[in-house]
Amino acid sequence: MNKTIIYNEENSLLQLGDLAVKNNWEKLFFVTGKKSFESTGAKKKILDQFSMAQVTFFNDFEVNPKLNDVYKGIDIFSSSKADVIVSIGGGTAIDMAKLINSLSCVDGNPEDYATGKVKIDRVAVPHVAVPTTSGSGSEATHFAVVYVNGSKYSMACDLLLPSYVILDPNLTLSLPPYITAYTAMDALCQAMESFWSVGSTEESSEYSLKAIQLVLENIKNAVNSPDINSRKALQEAANLGGKSINLSKTTAAHALSYFLTSKFGLPHGHAVGLMFGWVFEQNSQVEDSTCNDPRGKSFVISRLEELAEFFNVEKLEDFPGVFYGLMEDIGLKIDAVTLDFKTVENLFKSVNIERLGNNPAKIDLSSADGFIDFFKQIKGI
Ligand SMILES: [Fe+2]
């Protein structure tokens with residue numbers, strides 16, 4: 001795997017100029033968020049270091065990268081003749097940069113690469129990733145999500161790992177409470193899902209445990225009374241969460257969440273959190289016959305117990321209530337969307353069954369009744 005070089009100090013975005021000199025980068029292509037590029041202070045930090053002749057900016061894309069938007073980016077990138085791509089933003093901006101960097105230099109039809117029919121074997125230039133949210137950890141993964149004709153694909157290749165990552169906590173200081181909360185929830189769930197996943201390894205588990213601890217120690221402060229220390233901790237947690245899923249991938253809570261985001265526009269981390277408590281409960285019912293992990297049922301249960309311990313929960317059945325309590329405390333409402341019978345049926349149908357193989361237990365998606373009863377109980381109805 002590529003070795004990414006990480007800069008992780010306050011104001012480390014101001015080191016980009018030196019990095020450009022060292023690498024002889026004369027022209028830089030920036031893939032950025034729209035409002036966040038300015039509101040985080042990133043734009044000023046860039047314009048303080050580079051002349052307008054050196055830089056090209058691209059931000060003409062929606063949340064969750066679409067292949068047509070990638071094509072627009074490729075056109076501008078190609079005519080910019082840039083020596084480097086710098087992504088500054090959330091997971092979408094970083095994934096968009098990975099897609100432009102790889103799909104701009106393929107032989108044949110880029111769609112075949114985006115949909116996984118053909119594997120990419122090169123990228124155009126080095127990629128410097130600068131996350132301005134603390135959630136997806138995309139800067140630490142070799143995946144890039146892309147939507148082609150409405151279907152979601154995840155391109156995977158080691159070459160998609162950025163060459164450099166700049167973690168500048170000052171860029172996250174202005175994040176509003178709700179975004180702070182749902183991005184941190186994404187980081188937390190990614191780390192926890194990685195920890196219980198069939199694909200977990202010793203290394204991924206180490207990243208997970210550190211990420212979980214950092215999120216839980218800092219999430220309330222970062223949402224309710226943010227300071228540079230809690231911001232820095234969440235940024236590190238998101239990066240570690242990214243490293244953990246880079247090795248293990250995510251599981252059922254992520255797989256179930258995408259429907260809530262596409263149907264209701266619920267932000268990704270909020271949607272994943274909603275699904276996580278239910279998936280935990282399902283996993284805690286694991287039997288030998290429903291266990292996906294070759295390490296066995298007792299291994300899975302011991303993983304769940306370790307997770308519950310972080311929340312000071314002794315009995316696994318008490319975990320979902322405590323977990324959803326944390327979500328409510330940080331402003332992530334559990335009744336943010338109405339999950340009636342029909343909606344849950346459609347939600348279950350939307351899940352790609354193959355993707356559930358990384359979940360420690362087989363999950364029964366044949367009936368919506370249990371799911372609805374579970375949430376009724378959680379809401380105390
Ligand atoms: Fe995620």
Side-chain angles (χ1 to χ4, degrees), residues 33 62-65 87 89-96 98-99 129 131-147 152-156 160-162 165 172 175 178-197 199-200 204 207-208 210-212 214-216 219 234-280 307 323 326-327 330 332 336-337 347 350-352 355-356 358-359:
E62 295 166 31
V63 179
N64 302 325
S87 57
T92 297
I94 295 172
D95 278 3
M96 183 55 84
K98 291 175 179 176
L99 294 162
T132 58
T133 60
S134 299
S136 74
S138 173
E139 76 280 3
T141 75
H142 66 289
F143 313 118
V145 169
V146 58
Y147 285 79
K152 178 176 178 287
Y153 295 88
S154 184
M155 255 172 60
L160 294 178
L161 272 169
V165 167
T172 66
L175 272 184
Y178 181 53
I179 302 182
T180 304
Y182 71 67
T183 48
M185 185 51 61
D186 184 24
L188 177 63
C189 291
Q190 287 185 173
M192 294 200 291
E193 283 183 59
S194 172
F195 190 65
W196 72 26
S197 70
S200 67
S204 72
Y207 296 140
S208 293
K210 186 84 188 113
I212 295 163
L214 281 171
V215 174
L216 292 178
I219 194 167
L234 284 191
Q235 202 168 43
E236 193 189 338
N239 188 257
L240 288 163
K243 283 181 168 166
S244 70
I245 60 160
N246 185 48
L247 296 168
S248 71
K249 300 194 179 165
T250 55
T251 64
H254 264 71
L256 284 157
S257 77
Y258 300 123
F259 176 84
L260 299 183
T261 299
S262 59
K263 168 129 178 102
F264 299 105
L266 194 65
H268 172 65
H270 194 159
V272 176
L274 268 185
M275 293 298 104
F276 186 86
W278 180 72
V279 174
F280 186 101
L307 292 179
F323 175 76
L326 168 68
M327 282 185 66
I330 57 171
L332 300 177
V337 290
L347 162 66
S350 75
V351 178
N352 180 343
R355 300 196 51 190
L356 297 180
N358 197 34
N359 197 67

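Note that the structure is a prediction, hence the values are computed from the model and not measured. Note that ligands are numbered from 1 as they come in the structure, with each ligand's atoms numbered from 1 the same way. Positions are given from 1 along the sequence.
Without hydrogens or angle criteria, Asn358 side chain to Thr250 main chain gives a donor-acceptor distance under 3.5 Å.
There is no side-chain donor-acceptor pair under 3.5 Å between Lys152 and Ser262.
Asp186 has its closest N, O or S atom to the Fe ion (ligand 1) at the position named OD1.
With a cut-off of 2.8 Å, the Fe ion (ligand 1) has an N, O or S atom of His254 in range. Within the 2.8 Å limit, Ser257 places no N, O or S atom next to the Fe ion (ligand 1).
Ring geometry for His254 against Tyr258 counts as perpendicular: the plane angle is over 60°, on a 0 to 90° scale with 30° as the lower cut. Aromatic ring orientation, Phe264 versus Phe259: perpendicular (interplanar angle above 60°, classes split at 30° and 60°).
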